[in-house]
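Computed from a prediction, not measured in an experiment: that's the story for all the values here. One-based numbering along the sequence shown.
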Amino acid sequence: KDRKLQLSRIAEARKNVDTMFTELDALISSEKGSAKLSAVMENRVRYKDGQDKLIALIQAGDEEAAKAYLADELRPVLAAYKVTLKDLIAHEVAQIRQTGEMTQQTYQDSRLLMLGLGALALSLAAAIGFVITRGLLKQLGGEPGYAAEIAGEIAAGKLEVQVAVAANDRTSLLHAMETMRTQLAGV
């Protein structure tokens with residue numbers, strides 16, 4: 001009864017390991033990783049075959065042959081299986097680290113690019129704002145508040161108000177208001 005339970009556990013463990021290796025095979029993408037997994041699988045087949053032979057010897061009641069087989073033949077197969085597993089694990093850990101480093105570098109590069117583009121956008125916005133403001137001030141001939149104040153004074157009939165206009169200004173709103181004020185004052 002104990003042997004049947006042990007055989008059942010071995011069969012279940014084999015099934016679980018088969019499932020895990022199938023899933024692992026789907027995840028490994030490098031040739032080197034696939035080669036290492038193939039080496040593991042070859043040693044696994046040898047180990048499973050050795051387990052089957054050991055189980056057959058035990059079931060046949062030949063315990064001395066089973067002990068000798070285990071010590072002389074199956075343990076070296078298991079040791080080779082473990083070595084290839086450790087090699088695969090080390091390879092995959094190195095791949096994961098490399099992927100992590102590449103991901104970190106991509107993040108840093110993207111971050112710098114976004115900061116650079118943000119700074120460029122702010123610079124462009126400031127330059128465009130400067131050009132627009134400069135154009136409006138040139139069209140007005142001065143600050144908007146000053147132009148509004150002069151317009152209010154003229155509208156209130158205070159034609160003696162002095163309008164400050166640049167000497168070379170002949171096109172601005174303040175120049176036009178100064179001309180209008182002068183003409184109205186002359187009426």
Side-chain angles (χ1 to χ4, degrees), residues 1-137 143-145:
K1 183 175 182 176
D2 186 45
R3 285 188 182 168
K4 284 184 181 181
L5 179 61
Q6 293 299 323
L7 290 174
S8 172
R9 288 181 180 167
I10 290 171
E12 185 65 28
R14 284 181 175 182
K15 183 179 172 185
N16 290 339
V17 170
D18 286 341
T19 300
M20 286 187 280
F21 276 123
T22 300
E23 291 172 0
L24 182 60
D25 187 36
L27 295 174
I28 293 178
S29 59
S30 71
E31 286 183 33
K32 191 173 183 180
S34 293
K36 291 185 180 297
L37 180 60
S38 292
V40 168
M41 296 308 292
E42 289 170 13
N43 279 316
R44 185 173 186 311
V45 168
R46 288 179 49 221
Y47 181 66
K48 281 172 63 175
D49 291 344
Q51 272 186 325
D52 290 341
K53 186 173 180 181
L54 178 65
I55 289 168
L57 288 171
I58 292 171
Q59 287 179 331
D62 195 352
E63 289 188 25
E64 288 304 314
K67 287 179 185 178
Y69 177 75
L70 176 63
D72 299 335
E73 294 183 44
L74 190 56
R75 282 197 178 133
V77 171
L78 177 59
Y81 182 32
K82 287 180 177 180
V83 166
T84 55
L85 271 172
K86 286 179 183 178
D87 190 36
L88 175 64
I89 290 168
H91 172 73
E92 290 303 310
V93 166
Q95 290 291 102
I96 290 168
R97 284 190 180 130
Q98 182 181 14
T99 301
E101 289 167 3
M102 288 170 40
T103 301
Q104 184 66 25
Q105 186 61 46
T106 300
Y107 164 75
Q108 292 294 335
D109 292 346
S110 298
R111 183 173 169 254
L112 286 175
L113 178 64
M114 294 303 284
L115 288 172
L117 289 175
L120 178 63
L122 285 173
S123 297
L124 284 174
I128 290 170
F130 175 76
V131 168
I132 290 172
T133 301
R134 188 170 148 222
L136 286 174
L137 288 176
E143 291 291 323

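Separating the CG atom in Leu70 from the CD atom in Gln51 is a distance of 10.5 Å, to the nearest 0.5 Å. From Ile128, atom CD1 reaches atom OG1 of Thr133 across 11.5 Å, with rounding to the nearest 0.5 Å. Here the straight-line distance linking atom OH of Tyr81 with atom CE of Met41 works out to 7.0 Å at 0.5 Å rounding. Summarising the geometry, atom CG belonging to Leu74 is positioned 6.0 Å from atom CG belonging to Leu54; distances are rounded to the nearest 0.5 Å.
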Given salt bridge (Lys or Arg N to Asp or Glu O under 4.0 Å), test Arg44 with Asp18 step by step and report yes or no.
CA-CA 10 Å; Arg44 185 173 186 311; Asp18 286 341; 3.0 Å; yes
Quick one: do Val77 and Glu73 satisfy side-chain contact (heavy atoms from CB on, under 4.5 Å)? Show the steps, please.
CA-CA 7 Å; Val77 171; Glu73 294 183 44; 5.9 Å; no
Check step by step if side-chain contact (heavy atoms from CB on, under 4.5 Å) holds for Lys36 and Thr84.
CA-CA 7 Å; Lys36 291 185 180 297; Thr84 55; over 6 Å; no
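Listed here is the closest heavy atom pair of Leu137 and Pro144: CD2-CD, 3.9 Å. Nearest approach of Ala66 to Ile58, heavy atoms of both residues: CB-CG1, 3.8 Å. Considering every non-hydrogen atom in both Pro76 and Ala71, the closest pair reads CD-O, 4.0 Å. The two residues Leu57 and Ala65 come nearest to each other via the heavy atoms CD1-O, 3.8 Å.
Judged by distance alone, with hydrogens and angles left aside, the side-chain atoms of Ser8 form no donor-acceptor pair with the main-chain N or O of Lys4 at under 3.5 Å.
The number of heavy atoms from other shown groups lying within 6.0 Å of CD (Gln108) is above 12.
When each of Val45, Leu88, Ile89, Leu24 is tested with Val40 by the rule side chain to side chain contact (heavy atoms under 4.5 Å, CB included), just one qualifies, namely Leu88.
For the pair Glu92/Ile28, a side-chain contact is recorded, criterion being any heavy-atom separation below 4.5 Å from C-beta on.
Legend: residues meeting side chain to side chain donor-acceptor pair (under 3.5 Å) with Ser30, ordered by chain and number and at least two apart, are His91.
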